[in-house]
Amino acid sequence: MGKPLPVDAALLCTRSAADSMPDWFYSHAPLTAHAIELTGAEAHHMARVLRMKSGDRAVLFDGRGTQASAEIETIGRDRVSLRILETRTI
């Protein structure tokens, strides 16, 4: 078994695009604003691996006990901007 990734680099959970379950991603920043930008491995996974597009939805976790439903506004090679739709404490 390989060495685990650090929490701030780990993708928490993904689902296939055909699955009705949302895709889950880790946010380095607290989920307290109305919008958030993901970069690095999370943005790459959204844009290149899952091929998500503007309008797609995802669930974000910030590692501080907050979960947010979000919608992609813009998506680029290494940066994804999302609008926070709803947050909740978990």
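Start at 1 with the first residue, then count along the sequence.
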**Q.** Spacing of CG belonging to Leu38 relative to CZ belonging to Arg79, to within rounding of 0.5 Å
**A.** 10.5 Å
Q) Are Val80 and Ile72 side-chain neighbours, meaning at least one heavy-atom pair lies under 4.5 Å? A) yes
Q.
Looking at every heavy atom in both Gly63 and Tyr26, which two are closest together, and how far apart are they?
A. N-CE1, 3.8 Å
Q: Could you tell me whether the side chain of Leu82 reaches within less than 4.5 Å of the side chain of Glu73, counting heavy atoms only?
A: no
Q: Looking only at non-hydrogen atoms, find the nearest pair between Gly76 and Ala47 and report the distance.
A: O-CB, 3.4 Å
Q: Measure the shortest side-chain to side-chain distance between His45 and Leu50 over non-hydrogen atoms and say whether it is less than 4.5 angstrom.
A: yes
Q. Which atom pair, heavy atoms only, marks the closest approach of Ser27 to Ile36?
A. OG-CD1, 3.0 Å
Q) How many angstroms lie between atom OG1 of Thr87 and atom NE2 of His34, to the nearest 0.5 angstrom? A) 9.5 Å
Q. Nearest 0.5 Å, what's the OG1-CD distance between Thr89 and Gln67?
A. 10.0 Å
Q. Are side-chain heavy atoms of Arg51 and Val49 found at a separation under 4.5 Å?
A. no
Q. Would a 4.5 Å heavy-atom cut-off, applied to side chains only, mark Leu60 and Ile84 as touching?
A. yes
Q: Supply the atom-to-atom distance Glu71 CD to Arg57 CZ, rounded to the nearest 0.5 angstrom.
A: 5.0 Å
Q.
Nearest 0.5 angstrom please: Met46 CE to Lys53 NZ, how far?
A. 13.0 Å
**Q.** Any residue meeting side chain to side chain contact (heavy atoms under 4.5 Å, CB included) with Asp62, in chain and number order, not counting sequence neighbours
**A.** Pro30, Leu31, Arg64, Thr66
